[in-house]
Chemist: 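Below is a structure I'd like to ask you about.
Since this is a predicted model, take the numbers as computed values, not measurements. Proteins get letters first, then strands, A, B, ... in listed order; numbering begins at 1 in each.
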Amino acid sequence: MTPAELSEALHAVLTAAVADGAVTLSADDVPSSVAVERPRQREHGDWATNVALQLAKKAGVPPRGLADVLAERLRSVPGVAAVDVAGPGFLNISLDTAAAGGLARTVVEAGAAYGTTTALAGERVNLEFVSANPTGPIHIGGVRWAAVGDSLARILQAAGADVTREYYFNDHGAQIDRFARSLLARAKGQEAPEDGYGGQYIADIAAQVLADAAAAGETDPLTLPDPEAQEAFRRRGVELMFGEIRAKLHEFRVDFDVYFHEDSLHESGAVQKAVARLRELGHIFEADGATWLRTTEFGDDKDRVIIKSDGTAAYIAGDLAYYLDKRERGFDRAIIMLGADHHGYVGRMMAMCAAFGDTPWTNLEILIGQMVNLVKDGEPVRMSKRAGTILTIDDLVDAVGVDAARYALARSSTDSMIDLDLDLLARATNENPVFYVQYAHARTVNVGRNAADLGVRREDGFDPSLLDHATESTLLALIGDFSRVVAQAAELREPHRVARYLEELAGAYHKWYDQRRVTPFGDEEVGDVHRTRLWLNDATRQVLANGLGLLGVGAPERM
RNA sequence: GCCCCCGUAGCUCAGUGGAUAGAGCAUCGGACUUCUAAUCCGCAGGUCGCAGGUUCGAAUCCUGCCGGGGGCGCCA
């Protein structure tokens with residue numbers, strides 16, 4: 001019996017009690033589903049629900065009284081072994097050993113699909129993340145979004161959503177101009193401009209631009225007048241930089257469905273179209289020679305310029321058009337992941353959303369994640385784009401590898417700042433919990449290999465009533481909780497919940513492994529107990545593999 | 001001044017109104033002549049920043065302080 005089935009049984013019991021008058025509750029007050037959770041204390045049973053506590057007031061009875069009514073009825077549900085009313089009115093539920101153990105077979109048979117739900121079925125989600133400017137390599141903060149964003153995409157998909165991963169490519173505007181000037185300056189052997197970019201990569205790209213031009217038989221850009229030379233460096237430099245970013249992200253196992261060019265919004269007239277739409281809706285006004293969007297009407301703290309007095313578009317103009325474009329492409333939800341340094345942008349974006357007649361935080365969702373700090377020798381590491389002293393995706397991956405890097409970045413709530421200690425990462429990679437989880441997976445595979453060698457085969461028998469050890473009920477309960485964890489991680493947009501769950505599952509597996517053998521001991525004959533444990537072993541492997549897959553982390557077969 | 005995030009064990013962090021607040025790492029003590037010891041078992045470690053409030057119940061929600069980080073452009 002899965003927790004979902006138990007939840008349905010509880011709901012049925014509650015509905016029946018209301019129907020025959022045992023519980024007085026209006027139809028509106030009967031929840032559509034009853035939450036079933038694993039109790040903190042193992043002695044409290046396999047599953048627990050606080051539904052009686054939550055409905056007692058509405059039903060006009062003491063919580064324990066309501067709990068008693070539900071408990072009595074629940075006891076007659078097949079597979080339920082015991083129901084206790086505890087504390088202020090919790091229902092503590094224990095399952096029949098066989099009913100609980102049946103889950104092992106369910107999971108093995110579901111395979112890679114185990115854990116997927118229809119929680120977000122029918123939702124078309126556009127998930128935009130990273131979107132780093134192509135003016136330099138992806139720095140350490142951007143890597144956090146790569147890891148978290150990609151995992152979130154996988155988790156949303158597991159919850160049934162239709163997800164498009166999107167990268168907004170800022171190839172328009174002043175920062176790109178600075179990048180081009182920096183390339184040109186370096187090619188001429190000059191220092192980076194005051195507001196420009198430094199670092200070895202600038203020199204490399206500048207040299208590559210010159211080499212490419214020579215190879216193509218084009219005019220040496222350095223012989224052109226500055227504006228034309230800068231344009232040559234801009235066009236080719238951005239291409240090279242962006243190609244490198246894509247390649248690095250791919251190595252990090254992050255690939256996007258759509259790379260959207262900001263420039264295209266300005267060239268296609270999409271910006272003008274968006275502004276025209278807002279003007280029709282009456283939210284545009286002219287002042288001081290500029291064109292403004294009256295965002296204060298929708299909760300922003302000041303109105304925003306969208307077309308500057310010099311006639312060029314402000315940055316937000318691109319975002320207006322981009323948002324409209326996403327909506328016109330059929331996405332119900334545009335989710336954007338931004339760093340804490342952009343949180344001030346949320347108010348105007350939501351106002352913009354409302355100005356289009358949409359619903360903020362429904363059609364548009366902005367996830368703000370805190371910064372990643374680097375620490376070395378106990379001191380924060382200072383990074384400067386101009387000096388080129390930025391830490392990149394490569395620095396992190398070189399230090400710990402893709403698996404450990406992705407896991408370390410995805411296992412913390414994005415509300416928390418992360419301090420990455422470079423010395424620690426470089427020397428003590430075994431302190432990373434990812435190895436604990438991966439080792440558990442490798443162990444399940446190894447156990448499977450040994451079982452096969454000794455002739456223990458799943459198809460020869462399965463008797464779930466033999467899974468009667470305390471470590472087995474704990475392991476089964478955790479395995480059963482996986483779908484709920486994934487669905488919750490999807491709904492809350494919190495991939496770290498999957499990582500924490502896997503650590504708990506791995507721990508439960510290691511403890512079980514320590515207590516129960518799958519393969520026969522000595523010359524013991526192969527029996528159903530071994531075969532049934534193999535089902536449980538393989539079910540655990542499946543969940544570990546599925547969970548690691550949601551994080552984009554490998555599930556090694558040997559370690 | 002205003003806005004956002006954080007403050008929980010020595011350290012890094014889980015815990016979005018529930019039961020005796022948890023894990024990893026670090027320290028100390030145990031367990032491999034039979035599935036991988038990258039594991040397991042045990043000891044120790046806490047005024048959940050402080051003070052009020054909301055209620056059957058608060059680490060969690062509200063208010064005010066204190067401390068840390070970030071943000072408040074016709075920059076992008």
Chemist: What integer number of Å spans the C1' atoms of C13(B) and U54(B)?
Modeler: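 About 29 Å, rounded to a whole number of Å.
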
Chemist: Output yes when Glu166(A) and Lys326(A) qualify as a salt bridge under the 4.0 Å nitrogen-oxygen rule, no when they do not.
Modeler: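 No, no charged N to carboxylate O under 4.0 Å.
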
Chemist: Between Arg279(A) and Glu286(A), is a salt bridge (charged side-chain N to carboxylate O under 4.0 Å, His left out) present by the stated rule, with each step listed?
Modeler: CA-CA 11 Å; Arg279(A) 198 184 297 277; Glu286(A) 311 287 335; 3.0 Å; yes

Chemist: Any idea which of A76(B), G69(B), U34(B) is nearest the Arg517(A) side chain?
Modeler: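 Of all the options, the side chain of Arg517(A) is nearest to U34(B).
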
Chemist: Can you run through RNA chain B from 5' to 3' and write each base as (, ), [, ], | or . depending on how it pairs? Watson-Crick or G-U wobble, both distances under 3.5 Å.
Modeler: (((((((..((((....[...))))..((((.......))))......(((((..]....))))))))))))....

Chemist: Does the C13(B) base have a donor-acceptor partner in the side chain of Ser416(A) within less than 3.5 Å?
Modeler: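 Counting by modelled atom types and ignoring angles, no donor-acceptor contact under 3.5 Å is found here.
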
Chemist: Between Tyr345(A) and G70(B), is there a side-chain N or O to OP1/OP2 distance below 4.0 Å?
Modeler: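 No.
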
Chemist: Does the side chain of Arg497(A) get closer than 4.0 angstrom to OP1 or OP2 of G15(B) through an N or O atom?
Modeler: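 Affirmative; the distance criterion is met.
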
Chemist: Met559(A) has an atom CE; how far is it from atom P of C35(B), in whole Å?
Modeler: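 One finds 18 Å between P of C35(B) and CE of Met559(A), rounded.
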
Chemist: For the P atoms, the ones on U63(B) and on C4(B), what distance do you get once it is rounded to whole angstrom?
Modeler: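 Each nucleotide's P atom is 10 Å from the other's.
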
Chemist: Does C65(B) count as syn, meaning its glycosidic angle lies within 90° of 0, or as anti?
Modeler: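 Chi for C65(B) falls in the anti range.
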
Chemist: Measuring only the C1' atom in each nucleotide, how far is C25(B) from A44(B)? A whole number of Å is fine.
Modeler: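 So the two C1' atoms sit 15 Å from each other.
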
Chemist: After noting the C-alpha distance and the side-chain angles of Arg531(A) and Asp528(A), does the key distance pass the salt bridge (charged side-chain N to carboxylate O under 4.0 Å, His left out) rule?
Modeler: CA-CA 5 Å; Arg531(A) 300 182 188 111; Asp528(A) 275 354; 2.8 Å; yes

Chemist: Looking at Arg500(A), I'd like to know whether one of its side-chain N or O atoms comes within less than 4.0 Å of OP1 or OP2 on G24(B).
Modeler: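 The answer is no; no side-chain N or O of Arg500(A) sits under 4.0 Å from OP1 or OP2.
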
Chemist: Choosing from C35(B), C40(B), G71(B), which nucleotide comes nearest the side chain of Tyr436(A)?
Modeler: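 The listed nucleotide nearest to Tyr436(A)'s side chain is C40(B).
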
Chemist: I need the CG-P distance between Asp263(A) and A76(B), as an integer number of Å.
Modeler: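 Checked: the CG to P distance equals 14 Å.
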
Chemist: Side chain of Thr519(A): nearest nucleotide among A19(B), C35(B), A38(B)?
Modeler: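 Per side-chain heavy atoms of Thr519(A), the pick is C35(B).
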
Chemist: When you check the gap from the basic side-chain N to the acidic O, do Arg541(A) and Asp538(A) get nearer than 4.0 Å?
Modeler: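 Yes, charged N to carboxylate O under 4.0 Å.
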
Chemist: Indicate the atoms forming the closest heavy-atom contact of Pro134(A) with Ile245(A), along with that distance.
Modeler: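 Result for this residue pair: CA-CD1, 3.9 Å.
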
Chemist: Please report the distance, rounded to the nearest Å, between CD in Gln515(A) and C1' in C40(B).
Modeler: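 The answer, rounded to whole Å, is 8 Å.
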
Chemist: If you look at every strand shown and take non-hydrogen atoms under 4.0 Å, does Ser309(A) touch a base, only sugar-phosphate, or nothing?
Modeler: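 Base, at least one base heavy atom under 4.0 Å.
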
Chemist: Given C75(B), is OP1 or OP2 found less than 4.0 Å from the side-chain N or O atoms of Lys308(A)?
Modeler: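 For C75(B), OP1 or OP2 has a side-chain N or O of Lys308(A) closer than 4.0 Å.
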
Chemist: Does His496(A) put a side-chain nitrogen or oxygen below 4.0 Å from OP1 or OP2 of G15(B)?
Modeler: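 So the side chain of His496(A) is within the cut-off, an N or O lying under 4.0 Å from OP1 or OP2 of G15(B).
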
Chemist: Is there a donor and acceptor pair, one atom on the side chain of His343(A) and one on the base of C3(B), closer than 3.5 Å?
Modeler: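 Indeed there is one.
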
Chemist: Please state the P separation for the pair G70(B) and C74(B) - nearest whole angstrom.
Modeler: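 Those two atoms are separated by 23 Å.
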
Chemist: Angle class for the Tyr509(A)/Trp512(A) ring planes (parallel below 30°, perpendicular above 60°, tilted otherwise)?
Modeler: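 If you compare the ring of Tyr509(A) with that of Trp512(A), the planes turn out tilted.
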
Chemist: Is the phosphate of A76(B) approached by Tyr315(A) (side-chain N or O, under 4.0 Å from OP1 or OP2)?
Modeler: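 No, because none of the side-chain N or O atoms of Tyr315(A) sits under 4.0 Å from OP1 or OP2 of A76(B).
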
Chemist: Tell me whether Glu504(A) is salt-bridged to Arg38(A), with the criterion being a basic N under 4.0 Å from an acidic carboxylate O.
Modeler: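 A salt bridge is present here (some side-chain N lies under 4.0 Å from a carboxylate O).
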
Chemist: With a cut-off of less than 4.0 Å, is there a side-chain N or O of Lys511(A) near OP1 or OP2 of C41(B)?
Modeler: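 For Lys511(A), the contact criterion (side-chain N or O under 4.0 Å from OP1 or OP2 of C41(B)) is met.
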
Chemist: Does Asn92(A) contact A19(B) through a side-chain donor or acceptor facing the base, at a distance under 3.5 Å?
Modeler: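 Side chain to base: pair present.
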
Chemist: Under 3.5 Å, is there any donor-acceptor pair linking the side chain of Gln488(A) to the base of U16(B)?
Modeler: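 Counting by modelled atom types and ignoring angles, a donor-acceptor contact under 3.5 Å is found here.
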
Chemist: Between Phe260(A) and Tyr168(A), how do the two ring planes meet: parallel, tilted or perpendicular, split at 30° and 60°?
Modeler: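 Aromatic pair Phe260(A)/Tyr168(A) classed tilted.
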
Chemist: To the nearest Å, give me how far apart NZ (Lys302(A)) and P (C2(B)) are.
Modeler: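 Checked: the NZ to P distance equals 15 Å.
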
Chemist: Just to verify, what does Trp535(A) make a ring-ring contact (aromatic ring centres under 6.0 Å, His included) with, not counting sequence neighbours?
Modeler: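 Counting only residues at least two positions away or on another chain, Trp535(A) forms a ring-ring contact (aromatic ring centres under 6.0 Å, His included) with Phe462(A).
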
